[in-house]
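Structure first, then comments.
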Protein chains: 2
Amino acid sequence: MTYAKSGWTALADSTRRTIFDLLVERPWSVGELAHRLPVSRPAVSQHLKVLKDAGLVVDRPAGKQRIYRVDPAGLTALRAELDLFWSKTLAAYKVAAEQPSEEL
Amino acid sequence: MTYAKSGWTALADSTRRTIFDLLVERPWSVGELAHRLPVSRPAVSQHLKVLKDAGLVVDRPAGKQRIYRVDPAGLTALRAELDLFWSKTLAAYKVAAEQPSEEL
DNA sequence: TCTTCGCGTAAGTCATGACTTACGCGTAAG
DNA sequence: CTTACGCGTAAGTCATGACTTACGCGAAGA
């Protein structure tokens, strides 16, 4: 819940979603990601920082490089929010269905 | 899938998430939302347009006012993306667990 | 019909943030 | 120890977008 606010904004940026798309497959180093993306390496570092602050990824030093991977806890938090949206929406629809006055 | 790209950006903004939070409870008119929020009514209209373009809400004319409600299809699309992230992450962890060389 | 209400849009302002290059630090190699 | 590598951060630029006020349109009431 701590990262809830920035979780959405972290995945809002297109480049960051691409990075995250790669990270869900397997761990990547910063240089690997930068080589794969059309932006500079510092830009990748900045994006990774945002994802890390949002609790979506974690990093681990490995010699000269740094390996990033997805943090399942961050994903779980986002899913919980989305599920709450979903359940409330369904509940609202149920209420609307019980009121014969209004159509959908 | 058409709205997938803008779905995240639509919920990235804090004000828009607040609007969406209200809309999942029940349908609201634009004026009601504006009265509830610390921004002007045109600002609310612009936010609703973004949410509508993202497929997250639908609107319906009701006399002089316009009623907005959540579109379950948009929520489903977001959930599908998130679930895909989740399953891929789990699969990657399973692969990592089968390789005794690296720890988490 | 005239007025009022609710809303969307246009235009302009200002803050946010996504990028760049330059730099500095720790690690591995020679 | 010196060099090269991988990375993070600082500083500055530029585009995006979140807001405002002003305006115009359609619907309901008098």
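As the structure is a prediction and not an experimental result, all values here were calculated from the model. Order of the sequence lines sets the chain letters (A, B, ...), proteins ahead of strands, with each chain counted from 1.
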Close N or O pairs between protein and nucleotides 26-30 of chain D (under 3.5 Å):
none

Contacts of A/Phe85 meeting ring-ring contact (aromatic ring centres under 6.0 Å, His included) (sequence neighbours excluded), chain-then-number -> B/Phe20
query: Is there a side-chain contact between B/Gln65 and B/Val30, using heavy atoms and a 4.5 Å cut-off?
result: no
The residue among B/Ile19, B/Leu51, B/Val50 that forms side-chain contact (heavy atoms from CB on, under 4.5 Å) with B/Val57 is B/Leu51
Between CD of A/Gln65 and P of C/dC25 the distance, given in whole Å, is 22 Å
Atom NE2 of A/His35 and atom C1' of D/dC7 are separated, to the nearest Å, by 17 Å
B/Arg17 CZ to D/dG17 P, in whole Å, measures 16 Å
Handout entry: A/Arg16 side chain to A/Val44 backbone, donor-acceptor under 3.5 Å
Key = no
Taken to the nearest whole Å, CZ/A/Arg66 to P/D/dT9 is 9 Å
Under 3.5 Å donor-acceptor, A/Glu32 side chain and A/Ser29 backbone
yes
Determine whether a donor-acceptor pair (N or O, by modelled atom type, separation under 3.5 Å) exists between the side chain of A/Trp28 and the backbone of A/Leu22. yes
Of the listed C/dC19, D/dC7, D/dA18, the closest approach to the B/His47 side chain comes from D/dA18
Quiz item: Does A/Thr15 make a side-chain N or O approach to OP1 or OP2 of C/dC19 shorter than 4.0 Å?
Solution: yes
* **Side-chain ion pair, B/Asp83 and A/Arg79, N-O less than 4.0 Å** => yes
Here the distance between atom C1' of D/dG17 and atom CG of A/Asp13, to the nearest Å, is 13 Å
### Query
Does B/Arg16 place a side-chain N or O at less than 4.0 Å from the phosphate oxygens OP1/OP2 of D/dG17?
no
Among D/dG8, C/dG8, C/dG6, the one nearest any side-chain atom of B/Val30 is C/dG8
From NZ of A/Lys49 across to C1' of C/dA18 the rounded distance in Å is 15 Å
Could I get a table of every N or O pair under 3.5 Å where one atom is in the protein and the other is in nucleotides 20-25 of chain D?
residue	atom	partner	partner atom	Å
D/dT20	OP2	B/Ser40	N	2.9
D/dT20	OP2	B/Ser40	OG	2.5
D/dT20	O4	B/Gln46	NE2	3.0

A/Leu33 atom CG is separated from D/dG8 atom P, nearest whole Å, by 10 Å
note: B/Leu51, atom CG; D/dG17, atom C1'; distance rounded to Å ~ 14 Å
Are OP1 or OP2 of D/dC7 and a side-chain N or O of A/Ser29 less than 4.0 angstrom apart? yes
Interatomic distance, OG1@A/Thr18 vs CG@A/Leu23, rounded to 0.5 Å, equals 11.0 Å
Is any side-chain N or O of A/Tyr68 closer than 4.0 Å to OP1 or OP2 of D/dG6?
no
By the Watson-Crick or G-U definition, both distances under 3.5 Å, C/dG30 is matched with D/dC1
Does a side-chain N-to-carboxylate-O contact under 4.0 Å join B/Arg17 and B/Asp13?
no
Of A/Leu90, A/Leu84, A/Thr89, the one forming a side-chain contact (heavy atoms from CB on, under 4.5 Å) with A/Ser87 is A/Leu84
